[in-house]
Trainee: 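A single structure is presented below for examination.
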Amino acid sequence: MEIYKILRAGEWADLRERGETPGAPVDIADGYVHFSTAAQARETAAKHFAGADGLMLAALETDRMTALKWEVSRGGQQFPHLYAPLRLADVVWAQPLPLGPDGHVFPDGFA
């Protein structure tokens, strides 16, 4: 199953340069890397990245992530949380997530 991480430009650059990252400041503070399912990603973008441009949407395959846990979060939904660094090797694909007039524009074909 694919899960998704929205990264700011600096976070994406850091991941590409170092090959892994502990995540965004909120991830570091919480002790795990936050992800969203396809059904949750748009709400995550609107809630946590409103007005932010220069973002990347990265897809990761859950089968490659041994330290992944599903935990209840926003609205009682189960969210994937990674209790390990986010590794570039686990990224299946990444696409820009530009800001449009009505919010973020997800890639064609995104669920």
Side-chain angles (χ1 to χ4, degrees):
M1 170 183 188
E2 281 186 351
I3 58 174
Y4 305 93
K5 178 69 176 166
I6 299 172
L7 299 139
R8 292 173 183 85
E11 296 160 358
W12 175 243
D14 186 50
L15 176 60
R16 291 186 62 202
E17 181 180 315
R18 294 182 31 209
E20 69 177 38
T21 179
V26 68
D27 299 324
I28 295 167
D30 288 348
Y32 54 84
V33 181
H34 296 82
F35 292 91
S36 298
T37 65
Q40 297 163 336
R42 292 180 198 280
E43 184 181 351
T44 296
K47 180 177 176 81
H48 298 288
F49 298 92
D53 206 1
L55 302 175
M56 289 294 288
L57 177 67
L60 295 95
E61 179 56 52
T62 59
D63 292 345
R64 299 180 186 181
M65 306 167 83
T66 58
L68 189 72
K69 294 182 181 181
W70 291 82
E71 299 175 310
V72 176
S73 188
R74 185 174 68 228
Q77 298 178 65
Q78 293 273 331
F79 278 80
H81 297 150
L82 179 63
Y83 286 85
L86 169 58
R87 299 180 321 148
L88 184 60
D90 293 333
V91 175
V92 177
W93 58 261
Q95 294 288 323
L97 189 61
L99 185 60
D102 298 320
H104 292 95
V105 180
F106 281 75
D108 289 341
F110 188 81

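What you see below is based on every heavy atom in this structure, not just the backbone, and it leaves out hydrogens, waters and symmetry mates. No experiment lies behind these values; they were computed from the predicted model shown.
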Trainee: Just say parallel, tilted or perpendicular for the rings of Tyr4 and Trp93, cut-offs at 30° and 60°.
Mentor: tilted
Trainee: Does one hydrophobic cluster hold both Leu15 and Met56, with members joined at side-chain heavy-atom distances below 4.5 Å?
Mentor: yes
Trainee: Please identify each residue that fulfils side-chain hydrogen bond (donor to acceptor under 3.5 Å, both in side chains) with Glu17, with sequence neighbours left out.
Mentor: none
Trainee: I need the Asp30 CG to His81 NE2 distance, nearest 0.5 Å.
Mentor: 8.0 Å
Trainee: What's the shortest heavy-atom distance between Arg8 and Ala24, and which atoms?
Mentor: NH1-CB, 4.2 Å
Trainee: Once rounded to the nearest 0.5 Å, what's the spacing between atom CH2 of Trp70 and atom CZ of Phe35?
Mentor: 10.5 Å
Trainee: When you measure from the side chain of Asp53 to the backbone of Leu99, do you find a donor-acceptor pair of N or O atoms at a distance under 3.5 Å?
Mentor: yes
Trainee: Between atom CG of Asp90 and atom OG1 of Thr62, what is the distance when rounded to the nearest 0.5 Å?
Mentor: 10.5 Å
Trainee: Could you tell me whether the side chain of Val91 reaches within less than 4.5 Å of the side chain of Lys5, counting heavy atoms only?
Mentor: no
Trainee: At their closest point, which heavy atom of Ala52 faces which heavy atom of His104, and how far apart are they?
Mentor: O-NE2, 2.8 Å
Trainee: In terms of relative ring orientation, are Tyr83 and Tyr32 parallel, tilted or perpendicular, with 30° and 60° separating the classes?
Mentor: tilted
Trainee: Using every non-hydrogen atom in the two residues, find where Ala58 and Leu7 come nearest and quote the distance to one decimal.
Mentor: CB-CD1, 4.0 Å
Trainee: Test your reading of the model: is there a side-chain donor-acceptor pair from Gln40 to the backbone of Gln78, 3.5 Å cut-off?
Mentor: yes
Trainee: With a 4.5 Å cut-off on side-chain heavy atoms, are Leu86 and Leu60 touching?
Mentor: yes
Trainee: Please report the shortest heavy-atom distance between Ala94 and Trp12, naming the atom on each side.
Mentor: CB-CH2, 3.5 Å
Trainee: Nearest 0.5 angstrom please: Ser36 OG to His48 NE2, how far?
Mentor: 7.5 Å
Trainee: Answer whether the closest heavy-atom distance between the side chains of Leu57 and Phe110 falls below 4.5 Å.
Mentor: yes
Trainee: So if you build clusters from Ile, Leu, Val, Met, Phe, Trp, Tyr with side-chain heavy-atom gaps below 4.5 Å, do Ile28 and Met65 land together?
Mentor: no
Trainee: Any donor-acceptor pair under 3.5 Å linking the side chain of His34 with the backbone of Ile6?
Mentor: no
Trainee: Leu88 and Arg16: which non-hydrogen atoms are nearest, and at how many Å?
Mentor: CD2-CA, 3.9 Å
Trainee: Would you compute the distance between atom CZ of Phe106 and atom CZ of Arg42 and round it to the nearest 0.5 angstrom?
Mentor: 5.5 Å
Trainee: Rounded to the nearest 0.5 Å, what's the gap from CG on Leu82 to CZ on Arg87? Could you check?
Mentor: 9.0 Å
Trainee: Mind listing the closest non-hydrogen atom pair of Met1 and Thr37 along with its distance?
Mentor: CE-CG2, 3.9 Å
